[in-house]
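Please read the structure below before turning to the comments.
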Amino acid sequence: MRARRTADGATGAGGPSGPVRWEAVIGIEVHVELGTRTKMFCRCATTFGAPPNTNTCPVCLGMPGVLPVINRRAVEHVLATGLAIDAGIAPVTRWDRKNYFYPDLPKGYQISQYDLPLASRGQLSFDTSEGPFTVHITRAHLEEDTARLQHTTDELGRRISLVDFNRAGLPLMEIVTEPDIRTAEQARRYAEELRLLLRTIGVSDAEMENGQMRVEANVSLRPAGREAFGTRVEVKNMNSFRAVERAIAHEIERQARVLDAGEVLVQETRGWDDVRNETYRMRVKEYSDDYRYFPEPDLPPLRADAAWLEAIRAGLPELPSARRTRYVGDLGLSPYDAGVIVADPAAGALFEEALAAAQALAAADGRPEGALPAAKALANWVTGEFLRIARQRVDGGRASGAELARLVAMVGDGRISGTNGKEVLARHVETGEPVDRIVEELGFTQISDTGALAAAVDEVIAANPGAAADYRAGKQQVVGFLVGQVMKATRGQANAAIVQRLVRERLEGGA
Ligand code: ADP
Ligand code: MG
Ligand code: ZN
């Protein structure tokens, strides 16, 4: 059973049977600019930020008589996405013309896919504050982007519109969900997880801020418990994940107010105003009939044969959901830590590197199982201290996995204190120096005065009367434990090598 939630604060006068609790129904459409070198149907470059109208040619300018050629890489990106969301891949698809007039569309039609998308019936699962959630994905298809319009004023203050055709003809993937989503948070989480997936499989950087990923939400309300959907409104112009959540939350409230007042909603498109914190009417919704879709006569049907699909599947990296499952299931990380590490590429890379180093260290010590507890400690350091430091830095911050593994081992066996360890990590991120040297430089192993240390060692041994006997019985680990106790007692300031020598001397001397 999926968790259901009614629109917060959305009760009102309602019908004769008393106040109505509204349930939100949300479906999301995402457009993603695919990371290819050339455009969808011509060989123009896709470079972002090029001077206006320089990445153009007769094909993407819609001159008469030109012919489109399919960009194979763009098709592969959609197929990879389809496989990654567990969708069915159509063995044969075709292209359609979506006709409409607008200055951003020089041909008067957009080449798209109407009734035979490349991928259909997929899904995406992720965590929310209310638990795990799965969104069913209706389809993912390929189309071309339109030109960019810029509404501005000229030198005389007259309102003008400029058009930049650099964006016209960029490969664009549209991913449409079923109306499965019930809350603004689920919608935001869906968009975040989708972006993570797209970045992981390398099909797009999917930056919302520069329009590489555009999220549109279809929102309607229905009385809780009712099957039939209400009138939907499409919300656009959300430029961040935060905006997605806030825009939808506001739209749900607005619709509840309209319905509670006994009025009806119109099917329309509304824009999100991030500054005024509200949606505004853009246009009354068009229907697909208006586009007079028909098959594109200039392009052949597209066949995705099994060998091609297999090659794409084989090239997919470990997907975020599989990686989280591995971290929780095999390494014993908390779902929270696993989620944080997988969501952040720098943290993820650091964790993997540090884990490999910790495994190598443990294997060299002849205790391969020692890597498992190390995984949890490493995760703590990565999600806690490393990300805290990294987020304060403009450069994002870098750390060496091998050095982090060494540092965590030092803290783990008490050679330095946790507090000192944090300082060491901050310094390592700052300078890239090896942690051993930093520990020395900061004087965290400073107490080398044998007399002072011997007193601390004697105290610890006295406090652990069984230790000497254990040691004589062959339990070498006792040494590490006692050294750790001395380090704790000296707040990480003792010279660990000297302490270790003293501990052995005392134990062997039968103290
Ligand atoms: P269009 O072609 O007009 O964009 P679609 O049928 O492709 O319309 O649907 C667009 C999105 O709207 C899909 O994500 C779908 O799940 C969602 N949707 C459809 N009906 C509703 C509804 N009543 N309330 C909320 N979302 C809806
Ligand atoms: Mg739509
Ligand atoms: Zn071109």
Side-chain angles (χ1 to χ4, degrees), residues 1-31 100 102 128-131 133-136 138 151 174 176-192 208 214-291:
M1 266 289 283
R2 181 178 300 136
R4 299 209 157 168
R5 228 180 64 168
T6 47
D8 287 336
T11 51
S17 50
V20 182
R21 293 288 302 170
W22 301 109
E23 179 183 57
V25 172
I26 303 161
I28 305 267
E29 295 167 90
V30 171
H31 286 89
Y100 66 95
Y102 207 61
T128 73
S129 68
E130 296 173 305
F133 192 72
T134 297
V135 173
H136 294 91
T138 317
H151 306 289
E174 180 173 344
V176 183
T177 77
E178 292 292 299
D180 280 354
I181 298 168
R182 297 289 172 268
T183 70
E185 187 209 344
Q186 288 166 358
R188 170 180 54 82
R189 289 289 303 116
Y190 166 74
E192 287 172 343
M208 284 186 80
R214 297 163 227 157
V215 177
E216 287 154 29
N218 292 268
V219 181
S220 66
L221 295 189
R222 63 182 172 188
R226 163 107 65 89
E227 194 71 29
F229 292 152
T231 301
R232 73 172 143 132
V233 165
E234 186 168 324
V235 184
K236 335 169 92 104
N237 286 356
M238 300 168 288
N239 294 325
S240 65
F241 294 111
R242 203 171 93 95
V244 168
E245 183 161 359
R246 286 173 51 206
I248 293 173
H250 276 81
E251 180 57 21
I252 291 171
E253 279 173 27
R254 187 192 69 86
Q255 291 188 13
R257 276 198 306 275
V258 171
L259 295 173
D260 284 340
E263 292 160 21
V264 289
L265 288 158
V266 260
Q267 183 166 337
E268 61 180 335
T269 300
R270 297 179 72 86
W272 170 245
D273 186 327
D274 223 7
V275 178
R276 296 174 59 193
N277 240 317
E278 60 188 26
T279 61
Y280 59 91
R281 169 171 295 181
M282 292 173 84
R283 58 176 175 267
V284 172
K285 179 75 182 162
E286 60 288 305
Y287 295 85
S288 66
D289 290 1
D290 300 338
Y291 294 123

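Bear in mind the structure is a predicted one, so any value in this text is a computation, not a measurement.
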Roughly how far, to the nearest 0.5 Å, is the [atom2] atom of [Y] from the [atom1] atom of [X]?
{"X": "N218", "Y": "E251", "atom1": "CG", "atom2": "CD", "value": "10.5 Å"}
{"X": "D260", "Y": "E253", "atom1": "CG", "atom2": "CD", "value": "11.5 Å"}
{"X": "E29", "Y": "E234", "atom1": "CD", "atom2": "CD", "value": "5.0 Å"}
{"X": "T269", "Y": "E216", "atom1": "OG1", "atom2": "CD", "value": "8.0 Å"}
{"X": "E245", "Y": "T183", "atom1": "CD", "atom2": "OG1", "value": "7.5 Å"}

Can Q186 and T128 be counted as having a side-chain donor-acceptor contact under 3.5 angstrom?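 Result is no, nothing qualifies.
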Donor-acceptor pair, T138 side chain versus E178 backbone, under 3.5 Å?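 Yes.
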Are any side-chain N or O atoms of R222 and backbone N or O atoms of E227, one a donor and one an acceptor, separated by less than 3.5 Å?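 At least one qualifying donor-acceptor pair exists.
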Check whether any side-chain heavy atom of V135 sits under 4.5 Å from a side-chain heavy atom of I181, and report yes or no.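 Yes. Closest side-chain heavy atoms under 4.5 Å.
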Side-chain heavy atoms of R182 within contact of V25, under 4.5 Å: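 A side-chain contact exists here, since the closest heavy-atom pair is under 4.5 Å.
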Please give me the minimum heavy-atom distance between [X] and [Y], naming the atom from each residue.
{"X": "I28", "Y": "A217", "value": "CD1-CB, 4.1 Å"}
{"X": "A243", "Y": "D274", "value": "CB-OD1, 4.1 Å"}
{"X": "T231", "Y": "V266", "value": "CG2-C, 3.8 Å"}
{"X": "A249", "Y": "A184", "value": "N-CB, 3.8 Å"}
{"X": "V215", "Y": "M208", "value": "CG2-CE, 3.7 Å"}
{"X": "R270", "Y": "V233", "value": "CD-CG1, 3.5 Å"}

Using 30° and 60° as the class limits, which term best fits the ring planes of W272 and H250: parallel, tilted or perpendicular?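 If you compare the ring of W272 with that of H250, the planes turn out tilted.
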Checking salt bridge (Lys or Arg N to Asp or Glu O under 4.0 Å) between E268 and each of R232, R254, R283, which is the one that passes?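 With E268 as partner, R232, R254, R283 yield a single salt bridge (Lys or Arg N to Asp or Glu O under 4.0 Å), made by R254.
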side-chain contact (heavy atoms from CB on, under 4.5 Å) between I252 and W22, worked out: CA-CA 9 Å; I252 291 171; W22 301 109; over 6 Å; no
Show, in sequence, the C-alpha distance, side-chain angles and deciding distance for I26 and I248, and conclude whether the side-chain contact (heavy atoms from CB on, under 4.5 Å) test is met. CA-CA 9 Å; I26 303 161; I248 293 173; 3.6 Å; yes
Please check if atom OH in Y102 has more than 12 non-hydrogen atoms from other residues, nucleotides or ligands closer than 6.0 Å.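 No.
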Indicate yes or no: does R188 engage E192 in a salt bridge with an N to O separation below 4.0 Å.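 Answer for the salt bridge query: yes.
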